[in-house]
Protein chains: 2
Amino acid sequence: MKNFVKEKRMEFNLTQDDLSEKLDVSRQTIISLEKGRYNPSIILAFKLSKLFNCTIEDIFIYEEGEENE
Amino acid sequence: MKNFVKEKRMEFNLTQDDLSEKLDVSRQTIISLEKGRYNPSIILAFKLSKLFNCTIEDIFIYEEGEENE
DNA sequence: GATGAATGTCAAGCTCACTTTACAAACTAT
DNA sequence: ATAGTTTGTAAAGTGAGCTTGACATTCATC
């Protein structure tokens, strides 16, 4: 799943550490998210959308049938 | 997290078994979701939103700070 | 060039979303 | 009554999202 976490974070002038604290997750989680190493939980996706004042769909792009086969 | 999976499913006249097949998850997953036993993965939330032709936010209601303390 | 801030890797561990199987309860219908 | 469909519970297992900690790299800036 593609995401715009890094872009949104930079729009808000936040470091990875800043963001991790605001979201109450570890810095590793932010790094791995931005690198696309795994998908966020829906809770984390909601937290991001509220912080960035947008929708989940604005941050995460899901392409139909991308997850497995 | 509150959700409207059961309501949406009934709008579309689907059984839990129908829905589980369309989403490619187990029937248990649908039951537990509707009963609010756990939160969906973001992948499952996206699948539901595409199937029901709406946004994730239309189906799942996240209240700020509900997850822990 | 040393110091500090920001980003990154690696690895081990925990929790929970989801699976599978088996069985029970409720509600049709014949 | 009994057979089929739908919804439910219980329990054990797997995998991924996330954590912690330690250490490496890059880039300012002094």
Side-chain angles (χ1 to χ4, degrees):
Chain A
M1 166 158 358
K2 184 163 171 40
N3 76 69
F4 297 103
V5 172
K6 184 170 191 174
E7 288 80 355
K8 288 285 183 184
R9 174 172 65 81
M10 301 188 96
E11 275 181 34
F12 282 71
N13 282 311
L14 298 171
T15 67
Q16 291 177 340
D17 206 48
D18 291 336
L19 184 56
S20 71
E21 284 180 8
K22 281 180 185 287
L23 298 172
D24 202 37
V25 296
S26 70
R27 193 169 58 87
Q28 260 308 318
T29 296
I30 305 300
I31 293 175
S32 295
L33 251 190
E34 291 189 356
K35 291 276 166 185
R37 293 218 174 84
Y38 49 63
N39 302 320
S41 68
I42 196 171
I43 294 291
L44 183 49
F46 265 115
K47 284 180 175 178
L48 281 159
S49 73
K50 298 251 178 181
L51 181 61
F52 292 145
N53 200 35
C54 62
T55 67
I56 291 179
E57 289 84 355
D58 286 333
I59 310 178
F60 296 95
I61 309 299
Y62 173 73
E63 300 291 342
E64 211 124 13
E66 77 179 41
E67 73 285 350
N68 50 7
E69 232 29 61
Chain B
M1 163 156 0
K2 183 164 171 37
N3 77 68
F4 297 102
V5 173
K6 184 169 191 174
E7 288 81 354
K8 288 285 184 184
R9 175 173 64 81
M10 299 188 97
E11 275 182 32
F12 282 72
N13 281 313
L14 298 171
T15 67
Q16 292 176 339
D17 205 50
D18 291 337
L19 184 56
S20 72
E21 284 179 9
K22 279 179 185 291
L23 298 172
D24 202 37
V25 295
S26 70
R27 192 170 59 88
Q28 261 307 318
T29 295
I30 305 301
I31 292 176
S32 295
L33 253 190
E34 292 188 356
K35 290 277 167 184
R37 294 218 173 83
Y38 49 65
N39 302 320
S41 68
I42 196 173
I43 295 290
L44 183 49
F46 264 115
K47 284 179 175 180
L48 281 159
S49 73
K50 299 252 177 178
L51 181 61
F52 291 145
N53 199 34
C54 61
T55 68
I56 290 178
E57 289 83 354
D58 285 333
I59 310 177
F60 296 96
I61 309 300
Y62 172 74
E63 300 291 343
E64 211 123 13
E66 77 178 44
E67 73 286 348
N68 51 7
E69 231 28 60

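Given the structure is predicted, the values throughout are model-derived calculations rather than measurements. Each chain gets a letter, A, B and so on, in the order the sequences are listed, and its residues count up from 1.
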Between D/dT9 and B/Gln28, counting only base atoms on the nucleotide and side-chain atoms on the residue, is there a donor-acceptor pair under 3.5 Å? yes
Any N or O donor-acceptor pair under 3.5 Å from the base of D/dG17 to the side chain of A/Arg37? no
Identify which nucleotide among [options] has an atom closest to any side-chain atom of [X], counting heavy atoms from C-beta outward.
{"X": "B/Tyr38", "options": "C/dC18, D/dC18, D/dG8", "result": "C/dC18"}
{"X": "A/Lys35", "options": "D/dT6, C/dC18, C/dG8", "result": "C/dG8"}
{"X": "A/Glu34", "options": "C/dG8, C/dT19, C/dA17", "result": "C/dG8"}
{"X": "B/Gln16", "options": "D/dT20, C/dT9, D/dG8", "result": "D/dG8"}
{"X": "B/Arg27", "options": "D/dG8, D/dC18, C/dT7", "result": "D/dG8"}

In whole angstrom, what separates [X]'s [atom1] from [N]'s [atom2]?
{"X": "B/Asp17", "N": "D/dT6", "atom1": "CG", "atom2": "P", "answer": "8 Å"}
{"X": "A/Asp24", "N": "D/dG17", "atom1": "CG", "atom2": "P", "answer": "19 Å"}
{"X": "A/Leu19", "N": "C/dA6", "atom1": "CG", "atom2": "P", "answer": "13 Å"}
{"X": "A/Ile30", "N": "D/dC18", "atom1": "CD1", "atom2": "P", "answer": "9 Å"}
{"X": "B/Leu33", "N": "C/dA17", "atom1": "CG", "atom2": "C1'", "answer": "9 Å"}
{"X": "A/Lys6", "N": "C/dG8", "atom1": "NZ", "atom2": "C1'", "answer": "10 Å"}
{"X": "B/Leu44", "N": "C/dT19", "atom1": "CG", "atom2": "P", "answer": "8 Å"}
{"X": "A/Ile31", "N": "C/dA6", "atom1": "CD1", "atom2": "C1'", "answer": "9 Å"}

Could you check whether any side-chain N or O of B/Arg9 sits under 3.5 Å from a backbone N or O of B/Leu14, counting only pairs where one atom can act as donor and the other as acceptor? yes
Angle class for the B/Tyr62/A/Phe46 ring planes (parallel below 30°, perpendicular above 60°, tilted otherwise)? parallel
Can you tell me if A/Ser41 touches the phosphate of D/dC18, counting only side-chain N or O atoms and a distance under 4.0 Å to OP1 or OP2? yes
Looking only at side-chain N and O atoms, does A/Thr29 come under 4.0 Å of OP1 or OP2 in D/dC18? no
So A/Ser26, base contact, sugar-phosphate only, or nothing? Heavy-atom distance under 4.0 Å. base
If you count the non-hydrogen atoms of other residues, nucleotides and ligands that lie under 6.0 Å from NZ in B/Lys50, is the total more than 12? yes
Among A/Glu34, A/Lys6, A/Gln28, which residue meets the side-chain hydrogen bond (donor to acceptor under 3.5 Å, both in side chains) test with A/Gln16? A/Glu34
The answer to which of A/Thr15 and B/Ile42 contacts DNA chain C further toward the 5' end, by nearest nucleotide, is A/Thr15
Nearest heavy-atom contact between B/Val25 and B/Leu44 is CG1-CD1, 4.0 Å
